[in-house]
Amino acid sequence: MSKTAPAARPANPRFSSGPCAKIPHYSLDMLADAPLGRSHRAAIGKAKLAEAIDLTREILGVPADYRIGIVPASDTGAVEMALWSLLGARKVEMLAWESFGEGWVTDVVKQLKLDAVVRKADYGKIVDFAEVDFNNDVVFTWNGTTSGVRVPNGEAIPANRDGLTICDATSAAFAMDLPFDKLDVVTFSWQKVLGGEGAHGVLILSPRAVERLESYTPAWPLPKIFRMTKGGKLIEGIFKGETINTPSMLCVEDYLVALKWAKSLGGRKALIARAEANAQAVRDFIADKDWIADLAEDPATASTTSVCLKFTDPRIRDGAAFAKAVAKRLEKEGVALDAGAYRDAPPGLRIWCGSTVEASDVAALMPWIEYAFEAEIEAQAEAA
């Protein structure tokens, strides 16, 4: 290798897009207050769950009349609960620009068998929201975790819409401003921006969504794990910490630790600023490079959490093999773990820049990407 390896290394090489890096200076000792071996229905368990809901509301800025529930099966479970419980009352439009959005299309069209309008965009782009009819129910991801693009704002969503907006915000919540007045259902997993442990999802419902739940019964049977009403009324306990199934109190404690850390920084605005600074460190680095580029084509829609990059050097013969080799080299050097592009996405790298990541670590990683790129170019030439 002709190029000398960079001297500096990221202090934390964890750049996975989920589960993501823990909060800075994390220690298992922080979980000492977890009520292990106690029922989540006991007073202490209910209090912990209620505290998590209250802090979520405070930090995200969720309106007081919106319900927040902790639900099973991560963000996927939260989205599925919404799709199976709410859709079918009106026409549906499905918006997809990455693999998870594609998954929701499959569920609605092939499983629920709804005749939905499907609008898709290639990786690196989002659909044209001006074409969307918000008198229909609309399902979309706010940030494409696998495609590196996001909805820039909620301006295209009318306040006086007739349909519901169902938003998968799993890699956006806590790192991007979510306009709750434009969103009727918001879902996320705390394993993303706050670096929590997996298996739990969060489901946020507007009063309009609650009204739909209480006035509409889907044509299909609902599994017990999806049911949010009883006798035509919302099961309010779900949104006060009485979870549908048994939660991990260890994971809840971990979430509380992250929420309190976020609050100590200054809350949502501080979290957003951290993610934006991290993403900017990547984009500043690639700005003058002719061998690597942002997968996002429009800077206005470029993600600030899951930053996806593509290699553009014409010398690269096999894009997929080359990108995998670069990611493998970064992992072998111990400077970036899990930084390869998602399996369904175009070949490249995906650098998680969420709020738990330190900007100094992102900056330290950048020269290593160039080092790994040049090493693989040399290896390719030698193999020819």
Side-chain angles (χ1 to χ4, degrees), residues 15-18 20-21 95-102 119-130 132 140-157 167-179 182 188 192-193 268-269 271-312 319 323 326-327 336 338-342 344-359 361-363 365-366 369-370 373:
F15 293 98
S16 165
S17 291
C20 301
L95 316 183
W97 49 82
E98 50 100 44
S99 58
F100 291 100
E102 290 271 7
R119 303 183 188 278
K120 296 184 180 182
D122 293 334
Y123 279 80
K125 303 177 182 178
I126 67 169
V127 302
D128 184 355
F129 272 61
V132 179
F140 63 101
T141 55
W142 191 270
N143 182 79
T145 312
T146 66
S147 63
V149 289
R150 63 170 177 171
V151 181
N153 52 57
E155 291 177 4
I157 303 174
C167 175
D168 173 358
T170 198
S171 56
F174 296 106
M176 302 174 194
D177 257 326
L178 297 174
K182 302 296 184 72
F188 66 88
K192 295 292 187 180
V193 176
R268 182 173 69 258
K269 288 184 178 179
L271 295 176
I272 292 171
R274 284 177 64 93
E276 289 179 345
N278 291 339
Q280 194 60 48
V282 178
R283 294 186 169 113
D284 286 346
F285 173 77
I286 67 172
D288 62 349
K289 307 293 187 296
D290 60 3
W291 50 270
I292 194 168
D294 205 322
L295 185 61
E297 296 186 6
D298 180 358
T301 64
S303 174
T304 53
T305 54
S306 54
V307 178
C308 297
L309 305 174
K310 59 183 178 182
F311 294 108
T312 56
V326 170
D338 311 313
Y342 189 73
D344 296 333
L349 299 175
R350 181 172 58 161
I351 311 300
W352 181 254
C353 291
S355 307
T356 58
V357 175
E358 299 279 29
D361 285 337
V362 179
L365 172 62
M366 295 301 103
I369 292 177
E370 185 165 20
F373 164 78

Engineer: Compare every heavy atom of N278 with every heavy atom of G354, then report the nearest pair and how far apart it is.
Structural biologist: O-ND2, 3.1 Å

Engineer: Would you please test R119 and V132 for side chain to side chain contact (heavy atoms under 4.5 Å, CB included) and show each step?
Structural biologist: CA-CA 9 Å; R119 303 183 188 278; V132 179; 4.0 Å; yes

Engineer: Between R274 and E358, is there a salt bridge with N-O shorter than 4.0 Å?
Structural biologist: yes

Engineer: Any side-chain heavy atom of S303 sitting closer than 4.5 Å to one from M176?
Structural biologist: yes

Engineer: With no hydrogens and no angle check, just 3.5 Å: does a side-chain donor-acceptor pair link S306 and N143?
Structural biologist: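 Judged by distance alone, the side chains do pair up.
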
Engineer: What are the two closest heavy atoms between G319 and P347, and how far apart are they?
Structural biologist: O-CB, 3.6 Å

Engineer: Who passes side chain to side chain donor-acceptor pair (under 3.5 Å) against S99, sequence neighbours left out?
Structural biologist: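 Once residues adjacent in sequence are excluded, the partners of S99 under the side chain to side chain donor-acceptor pair (under 3.5 Å) criterion are T146.
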
Engineer: Report the residues that fulfil side chain to side chain donor-acceptor pair (under 3.5 Å) with D294, sequence neighbours left out, ordered by chain and then residue number.
Structural biologist: R283

Engineer: Output all residues satisfying ring pair (Phe, Tyr, Trp, His ring centres under 6.0 Å) with F15, sequence neighbours left out; order by chain, then residue number.
Structural biologist: none

Engineer: Side chains of W142 and L178, heavy atoms from C-beta outward: is any pair under 4.5 Å?
Structural biologist: yes

Engineer: Apply side chain to side chain contact (heavy atoms under 4.5 Å, CB included) to the pair S355 and V193, showing each step before the final yes or no.
Structural biologist: CA-CA 6 Å; S355 307; V193 176; 3.5 Å; yes

Engineer: Can you sort out the partners of F285 under ring pair (Phe, Tyr, Trp, His ring centres under 6.0 Å), two or more places apart, ordered by chain and number?
Structural biologist: none

Engineer: On a heavy-atom basis, which atom in T145 and which in S171 lie closest, and how many Å separate them?
Structural biologist: OG1-OG, 2.7 Å

Engineer: List for me each residue that meets salt bridge (charged side-chain N to carboxylate O under 4.0 Å, His left out) alongside K120, sequence neighbours excluded, and say none if there are none.
Structural biologist: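 Listed in chain order: E102.
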
Engineer: Set out, in order, the CA-CA distance, both residues' side-chain angles and the distance that settles side chain to side chain contact (heavy atoms under 4.5 Å, CB included) for L295 and L309, then state yes or no.
Structural biologist: CA-CA 5 Å; L295 185 61; L309 305 174; over 6 Å; no

Engineer: Checking R150 now: which residues fulfil salt bridge (charged side-chain N to carboxylate O under 4.0 Å, His left out) with it, not counting sequence neighbours?
Structural biologist: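 Residues passing salt bridge (charged side-chain N to carboxylate O under 4.0 Å, His left out) with R150: none at all.
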
Engineer: Aromatic rings F373 and F311: how do their planes relate, parallel, tilted or perpendicular, breaks at 30° and 60°?
Structural biologist: parallel

Engineer: Pairs in or reaching into residues 167-179: which pass salt bridge (charged side-chain N to carboxylate O under 4.0 Å, His left out), with residues at least two apart or in two chains?
Structural biologist: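 Qualifying pairs: D177-R268.
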
Engineer: Residues in side chain to side chain donor-acceptor pair (under 3.5 Å) with K269, at least two apart?
Structural biologist: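 K269 satisfies side chain to side chain donor-acceptor pair (under 3.5 Å) with no other residue.
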
Engineer: What is the distance from atom CD1 of I369 to atom CH2 of W291, rounded to the nearest 0.5 Å?
Structural biologist: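 With rounding to 0.5 Å, CD1 (I369) is 7.0 Å from CH2 (W291).
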
Engineer: Should S16 and W352 be marked as a side chain to side chain contact (heavy atoms under 4.5 Å, CB included) after you check the CA-CA gap, both sets of side-chain angles, and the distance that decides it?
Structural biologist: CA-CA 6 Å; S16 165; W352 181 254; 6.0 Å; no

Engineer: For Y123, enumerate each residue passing the ring pair (Phe, Tyr, Trp, His ring centres under 6.0 Å) test, keeping only those at least two apart in sequence or located in another chain.
Structural biologist: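 In terms of ring pair (Phe, Tyr, Trp, His ring centres under 6.0 Å), with neighbours along the sequence ignored, Y123 is linked to no residue.
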
Engineer: Give me the atom names and distance for the closest heavy-atom approach of T141 to E98.
Structural biologist: CG2-OE2, 3.6 Å

Engineer: Measure the CD-CD1 distance between E155 and I157 for me, rounded to the nearest 0.5 Å.
Structural biologist: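 Going from the CD atom of E155 to the CD1 atom of I157 covers 10.5 Å.
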
Engineer: For residues P346 and A341, report the shortest heavy-atom separation together with the two atoms involved.
Structural biologist: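 Heavy atoms of P346 and A341 come nearest at O-CB, 3.5 Å.
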
Engineer: For S17, which residues count as a side chain to side chain donor-acceptor pair (under 3.5 Å) partner, sequence neighbours excluded?
Structural biologist: R350

Engineer: According to side chain to side chain contact (heavy atoms under 4.5 Å, CB included), who are the partners of D284, at least two apart in sequence or on a separate chain?
Structural biologist: Q280

Engineer: With E276, which residues qualify under salt bridge (charged side-chain N to carboxylate O under 4.0 Å, His left out), at least two apart?
Structural biologist: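 None.
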
